[in-house]
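See below for the structure under consideration.
Within every chain, numbering begins at 1; the chains are lettered A, B, ... in the order of the sequence lines, protein sequences first and strands thereafter. Computed from a predicted structure; not experimentally measured. Every heavy atom of this structure was used, including side-chain atoms; hydrogens, water molecules and symmetry mates were not.
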Amino acid sequence: MSKKLPTRQEDYSAWYNELVKRAGLAENSAVRGCMVIKPYGYAIWEKMQRQLDDMFKRTGHENAYFPLFVPKSLFEAEEKNAEGFAKECAVVTHYRLQNDPDRPGKLRVDPNAKLEEELIVRPTSEAIIWSTYKNWIQSYRDLPLLINQWANVVRWEMRTRLFLRTAEFLWQEGHTAHATATEAVAETRQMLDVYAEFAEEHIALPVVKGVKTPNERFAGAEDTYCIEALMQDGKALQAGTSHFLGQNFAKAFDVQFQTKEGGLEHVWGTSWGVSTRLMGALIMAHSDDEGLVLPPKLAPIQVVIVPIYKTGELDALLERIRPIQQGLAQRGISVKVDSRDTERPGFKFAEWEMKGVPVRLAIGARDLDAGTVEAARRDTKQKLQLPLSDVVDSVDKLLNDIQLSIYNKAKHYRDTHTTRVDTYDEFKAVLDGPGGFVVAHYDGTSETEELIKEQTKATVRCLPLNEPDEDGVCIVTGRPSQRRAWFARAY
RNA sequence: CGGGGUGUAGCGUAGCCCGGUAUCGCGUCUGCUUUGGGAGCAGAAGGUCGUAGGUUCGAAUCCUGCCACCCCGACCA
């Protein structure tokens, strides 16, 4: 195996795949389309989870857990939802294996152990959850019901890519029920804001908040809101969605409540989710040809200390390093001292760069005697001498700088790859040139959207919430348009 | 599911056309020397050649079935 990664320039896709494996984030498993998330990758996911979970709790949500399996009769209750997911469901039909009489030592499915009703492995949990909510909700006093669950789901995708699209993935799904449409819409928008804040503050990933067109809407939703991000190859990635479900699921599962006034009404629903796909976004947005670049807020290890020493001097040096290590830890900075005696410094430098640790301190007796340490920041590769006297403050500040700096870099890339166009020719030229978001008028019909997708592979990513109304004409049909949409080729 | 391709050590591979002792690199292990940007030398371990059958004195190599994976398409919130 070559020491260097393929570059983004020569093969973006190979760069991504190699990076995910070499940084120890995930690998393909023995199961088609399913990945093994390795400890270092899972540590990043755990940091995402912890932060998001805090944000959910702060907005009044509680966690619960619902079954992996959904009886087919429940699954099919909300027709649009069922239809939307039907083609990618794993289905359990039997419950027992037996020895195969024809092939000694092998097992086969016991033909007598067929389930009376097939079980669908959840591709999303609306069905099982709403069938439960029917029992939980009787009165306006039971509302709003604000539940989240951390779970795995299965969608039998034809083509998979580590983190970006896998047959099984981890996510959270919030499912809420409300007395009024207004409240439910407010919840939908609130959670979109939570996602956007998380993406920008923690992943350092600038996102556009918007609403999906009917073509791209979640199956069973009245409206789908989303955050869209731009990757370094000019393709967009949907990073999170929040759905206003109207009364669709309440009606399908007969979830009604008595109002204060004594009436009987269906509740209003929302659902919202982000998945391990955020890992893909994180990787593709910031990393470079040397490996992963992690925002300090999500880095499992924020500072790695590499001791520089000669044979026999390691223990003595580690003693001198300890106060620095403890000082950083007391500041709440996660620090690792790479005291492996089996690898040389150059190897360690390269390895921690591959793993995206934001700050590296190389410390030898020479530095300590001079009252300095050498710091290297991962994002810019810049090296600087920090005075030993205030190393904790300096590193703390450095981590904040890095968090901000990689956000600004991603924002600059996004802004310089967002192009307003007024003709279809310009539209195509941008897509085939720099790529990125293309902001254009179109007539708002599904037909035009389909046509554009067929001809250019670009889809409407969203109608941004903050995009002002503006009269114009559709770049394809010339019909009037009141608003620009954001298009892009997407993952 | 359609078209194309590939299965050889932990990983990446040569050998296959034209049958005859299993090739090389990385990694791993041991020892010594090294250690401020991916160390050097010496030695060692590691293989049902995807799987089942066939042809043959003899199969990684030829033939057939099966399985798995990859790429392109279809599919994709």
Side-chain angles (χ1 to χ4, degrees), chain A residues 1-5 11 13-14 17-18 21-22 27-34 80-81 83-89 102-103 106 123-124 126 153 155-161 164-167 169 171 173 211-221 223-228 236-243 245 271-275 277 290-291 305-314 317 338-355 360-368 370 372-376 381 383 385 453-454 457 459-462 490-491:
Chain A
M1 183 160 53
S2 139
K3 287 173 178 175
K4 296 253 179 235
L5 287 173
D11 189 343
S13 180
N17 288 329
E18 271 297 302
K21 287 175 200 156
R22 298 267 295 277
E27 60 190 33
N28 286 310
S29 71
V31 190
R32 194 201 70 97
C34 296
K80 281 191 178 139
N81 186 249
E83 192 194 325
F85 285 102
K87 285 174 292 181
E88 51 191 62
C89 287
D102 299 329
R103 298 183 309 154
K106 306 283 187 187
T124 180
E126 275 78 6
V153 289
R155 298 180 185 179
W156 215 257
E157 302 286 357
M158 303 301 259
R159 293 191 61 185
T160 58
R161 294 190 68 190
L164 296 175
R165 176 171 290 120
T166 45
F169 56 91
W171 75 345
E173 45 182 330
V211 62
K212 288 288 189 192
T213 62
N215 275 13
E216 303 274 327
R217 190 178 288 157
F218 176 76
D223 262 319
T224 288
Y225 294 85
C226 62
I227 52 173
E228 292 283 331
L237 182 76
Q238 177 178 297
T241 48
S242 185
H243 315 291
L245 303 176
S271 67
W272 29 275
V274 294
S275 71
R277 182 181 245 205
E290 264 66 53
I305 296 176
V306 178
I308 310 291
Y309 60 96
K310 301 212 181 300
T311 304
E313 296 174 359
L314 177 58
L317 181 61
D338 187 351
S339 58
R340 286 176 297 175
D341 199 20
T342 50
E343 311 297 342
R344 305 168 88 234
F347 180 91
K348 293 178 181 177
F349 292 173
E351 183 172 275
W352 293 114
E353 271 162 20
M354 184 66 76
K355 285 175 165 286
R360 178 186 75 231
L361 301 178
I363 306 179
R366 200 169 79 194
D367 304 280
L368 295 176
T372 63
V373 301
E374 183 196 87
K381 312 277 168 54
K383 287 185 183 175
Q385 296 293 324
K453 184 177 177 182
E454 241 170 70
K457 291 189 169 154
T459 49
V460 177
R461 300 319 302 157
C462 68
Y491 279 98

Pairwise [atom1] distance, [M] and [N] [rounded to whole Å]:
N: B/rA9; M: B/rA22; atom1: P; answer: 15 Å
N: B/rC76; M: B/rU55; atom1: P; answer: 49 Å
N: B/rC72; M: B/rC29; atom1: P; answer: 37 Å
N: B/rU30; M: B/rG19; atom1: C1'; answer: 39 Å
N: B/rG54; M: B/rG58; atom1: C1'; answer: 15 Å
N: B/rU48; M: B/rU8; atom1: C1'; answer: 12 Å
N: B/rC16; M: B/rG10; atom1: C1'; answer: 25 Å
N: B/rG47; M: B/rC11; atom1: P; answer: 13 Å

What residues form a salt bridge (Lys or Arg N to Asp or Glu O under 4.0 Å) with [X], not counting sequence neighbours?
X: A/Glu216; result: none
X: A/Arg340; result: A/Asp338, A/Glu351
X: A/Asp223; result: A/Arg217
X: A/Glu27; result: A/Lys38

Checking [X] now: which residues fulfil ring-ring contact (aromatic ring centres under 6.0 Å, His included) with it, not counting sequence neighbours?
X: A/Trp171; value: A/Phe169
X: A/Trp272; value: A/Phe56, A/His61
X: A/Tyr225; value: none

Separation of atom [atom1] in [X] from atom [atom2] in [N], rounded to whole Å:
X: A/Asn17; N: B/rC11; atom1: CG; atom2: P; result: 17 Å
X: A/Glu454; N: B/rA74; atom1: CD; atom2: P; result: 10 Å
X: A/Lys21; N: B/rG27; atom1: NZ; atom2: C1'; result: 17 Å

### Task
Report, as a single string ordered 5' to 3', how protein heavy atoms within less than 4.0 Å touch nucleotides 36-42 of chain B: B base, S sugar-phosphate only, - not at all.
BBBB---
#### Entry: A/Arg360 charged N/C atom sitting above A/Phe349 aromatic ring, 6.0 Å / 45°
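Pair A/Arg360/A/Phe349 counts as cation-pi.
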### Task
Quick one: label A/Lys87 by what it contacts on the DNA or RNA (base, sugar-phosphate, nothing), any heavy atom closer than 4.0 Å.
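The residue A/Lys87 makes sugar-phosphate contact but no base contact.
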### Task
Just call it for A/Thr124: base, sugar-phosphate, or nothing, with non-hydrogen atoms closer than 4.0 Å on any strand.
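Answer is nothing: A/Thr124 stays at 4.0 Å or more from every strand.
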### Query
Any luck finding a side-chain donor-acceptor pair between A/Thr224 and A/His243 under 3.5 Å?
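Their side chains do contain a donor-acceptor pair, which is all the 3.5 Å distance test asks for.
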### Task
Give the stems involving RNA chain B, where a stem is 3 or more consecutive Watson-Crick or G-U wobble pairs (i with j, i+1 with j-1, and so on) under 3.5 Å.
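Only these stems qualify: B:1-7 with B:67-73, B:10-12 with B:24-26, B:28-33 with B:39-44, B:50-54 with B:62-66.
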Protein N or O to nucleotides 70-73 of chain B N or O, pairs below 3.5 Å:
{"unit_1": "B/rC72", "atom_1": "OP2", "unit_2": "A/Arg159", "atom_2": "NH1", "d": "2.9"}
{"unit_1": "B/rC72", "atom_1": "OP2", "unit_2": "A/Arg159", "atom_2": "NH2", "d": "2.2"}

### Message
Among residues at least two apart in sequence or on other chains, which ones pass side-chain hydrogen bond (donor to acceptor under 3.5 Å, both in side chains) with A/Thr213?
### Response
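Partners of A/Thr213 by the side-chain hydrogen bond (donor to acceptor under 3.5 Å, both in side chains) criterion, ordered by chain and then number, come out as A/Glu449.
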### Message
Regarding A/Lys381 and A/Glu353, does a basic nitrogen lie under 4.0 Å from an acidic carboxylate oxygen?
### Response
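So A/Lys381 does not pair with A/Glu353 through a salt bridge.
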### Of A/Pro307 and A/Arg277, the one whose closest RNA chain B nucleotide lies more 5'
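Final value for this comparison: A/Pro307.
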### Query
A/Ala350: what forms a side-chain contact (heavy atoms from CB on, under 4.5 Å) with it, not counting sequence neighbours?
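Counting only residues at least two positions away or on another chain, A/Ala350 forms no side-chain contact (heavy atoms from CB on, under 4.5 Å).
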